[in-house]
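Step one of this worksheet: look at the structure below.
Just so it is clear: chains get the letters A, B, ... in the order the sequence lines come, proteins before strands, and each one is counted from 1.
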There are 2 protein chains.
Amino acid sequence: MTLIGFYDPFMYGSGGKGVDPERPVYVISVAAEIVAVHPRTLRIYEEEGLICPRRTSTNIRLFSENDLRRILWIRHLTQDRGINLAGVKTLFELEERLGTRILERLYEESRNDETEKRPAGRRVAEGARR
Amino acid sequence: MTLIGFYDPFMYGSGGKGVDPERPVYVISVAAEIVAVHPRTLRIYEEEGLICPRRTSTNIRLFSENDLRRILWIRHLTQDRGINLAGVKTLFELEERLGTRILERLYEESRNDETEKRPAGRRVAEGARR
DNA sequence: GAACCCTATCAACGTCATTGTCAAGATGCT
DNA sequence: AGCATCTTGACAATGACGTTGATAGGGTTC
């Protein structure tokens with residue numbers, strides 16, 4: 001289930017230690033499994049312009065660690081905060097315009113709210129699990 | 001249809017010229033008509049914590065000019081940008097936290113996009129008009 | 001007393017988010 | 001070659017969301 005060849009051993013230890021978080025590594029099935037989301041969902045995120053995974057010369061998506069991080073942000077904003085994709089996109093744009101790490105501030109807030117009161121009363125679709 | 005008494009003549013010209021934008025003036029039916037929204041919608045906005053109109057001693061909502069301005073912001077973000085109420089709430093919170101006029105920047109952007117490309121692909125409910 | 005406000009509830013209607021499938025074709029690995 | 005996975009595109013099911021609308025019972029304003 002892995003298309004093992006995509007796991008490039010040279011990725012590790014080539015720079016002495018660290019792994020380049022921008023390096024495109026994960027095929028969509030792997031990425032989807034890591035972030036616990038359906039591959040279809042990741043394709044939608046890309047259609048909406050929320051993520052932009054690189055492609056191989058043969059047009060296959062490859063996700064980097066930063067891509068995964070971004071996906072997890074999307075999941076947090078949509079699932080935990082009930083924000084829809086248009087709102088997420090706006091927040092991303094805003095963060096880029098301002099050059100500030102807005103999102104982290106939001107995350108800290110929601111971490112501090114351990115009293116677990118609903119963020120905006122209503123929630124976004126978290127059904128559709130079958 | 002007006003509950004005319006709520007229109008306080010003393011509001012005008014009491015300070016020499018300007019009208020206090022914070023002064024609670026409009027009853028919900030009037031406010032709703034001004035911003036072209038159903039009263040039910042305004043009550044929902046209040047339930048969601050997006051607006052906070054003052055109340056008379058007898059518990060009747062009174063909206064100020066600033067309240068109306070805020071409502072128009074909500075309408076812009078939801079109708080033109082497709083952001084849901086949770087997203088709007090987050091943006092408001094963020095603006096308050098940062099002390100910056102984020103929203104105006106967004107509005108300028110959308111004004112500059114005269115090419116009329118859809119903000120996030122999909123749109124929020126703009127149906128339900130009957 | 002007529003017209004409006006309050007809260008609360010129920011509902012219709014269309015859109016949104018997510019998951020899922022199916023098709024037909026290209027790619028990667030063994 | 002053959003199998004698994006990828007690609008795009010379409011279609012659908014499910015539940016939640018946004019908005020408008022109606023109704024009921026009770027208070028407020030004039």
As a test of reading the structure: which of D:dT7, D:dT20, C:dT18 is closest to the side chain of B:I44, going by heavy atoms? D:dT20
Does D:dG18 have OP1 or OP2 under 4.0 Å away from a side-chain N or O of B:Q79? no
A:E48/A:K89 under side chain to side chain contact (heavy atoms under 4.5 Å, CB included): CA gap, chis, key distance, verdict: CA-CA 8 Å; A:E48 300 286 350; A:K89 189 175 185 180; 5.9 Å; no
Provide, to the nearest angstrom, the distance between the NE2 atom belonging to A:H76 and the C1' atom belonging to C:dA17. 17 Å
Checking contacts here: which listed nucleotide (C:dT18, D:dT5, D:dA10) is nearest the side-chain heavy atoms of A:R40? D:dA10
Please check if the side chain of B:S64 supplies one atom and the backbone of B:P21 the other of a donor-acceptor pair under 3.5 Å. yes
In whole Å, what is the span from the CG atom of A:L42 to the P atom of D:dT7? 10 Å
Establish, with yes or no, whether the OP1 or OP2 oxygen of C:dT18 is under 4.0 angstrom from a side-chain nitrogen or oxygen of A:Y45. yes
Once you round it to whole Å, what is the distance between C1' of C:dC6 and CZ of B:R55? 8 Å
Nearest whole Å is fine: how far is D:dA10 C1' from A:E47 CD? 11 Å
Identify, between B:I28 and A:I74, the residue whose nearest nucleotide on DNA chain C lies closer to the 5' end. B:I28
Figure out the CG/P separation between B:N84 and C:dA17, and round it to whole Å. 8 Å
Would you confirm whether B:N84, through its side chain, and A:G82, through its main-chain N or O, come within 3.5 Å as a donor-acceptor pair? yes
Which sits closer to the 5' end of DNA chain D, B:A36 or A:E46, going by the nucleotide each is nearest to? A:E46
Lys NZ or Arg CZ of A:R70 over A:F92 ring: under 6.0 Å, within 45°: yes
B:R54 CZ to C:dC5 P: how many Å, rounded? 19 Å
Would you confirm whether A:T56, through its side chain, and A:T58, through its main-chain N or O, come within 3.5 Å as a donor-acceptor pair? yes
Please confirm whether the shortest side-chain N or O distance from B:R75 to OP1 or OP2 of D:dT19 is below 4.0 Å. yes
When you measure from the side chain of A:S29, which nucleotide among C:dT19, D:dT28, D:dT5 comes out closest? D:dT5
Give the nucleotide from the list D:dT8, D:dT29, D:dT19 with an atom nearest to the side chain of B:T58. D:dT29
Protein-nucleotide distance (B:D80, atom CG; D:dT19, atom P), rounded to Å: 12 Å
Can you see if the side chain of A:T56 gets near the phosphate of D:dC6 - specifically, an N or O under 4.0 Å from OP1 or OP2? no
On the nucleotide C:dG20, are OP1 or OP2 found under 4.0 Å from the side-chain N or O atoms that A:H38 carries? yes
Which nucleotide sits closest to the side chain of A:R61: C:dT21, D:dT7, C:dC5? D:dT7
Rounded off to whole Å, could you give me the CZ-to-P distance for the A:R43 and D:dC6 pair? 7 Å
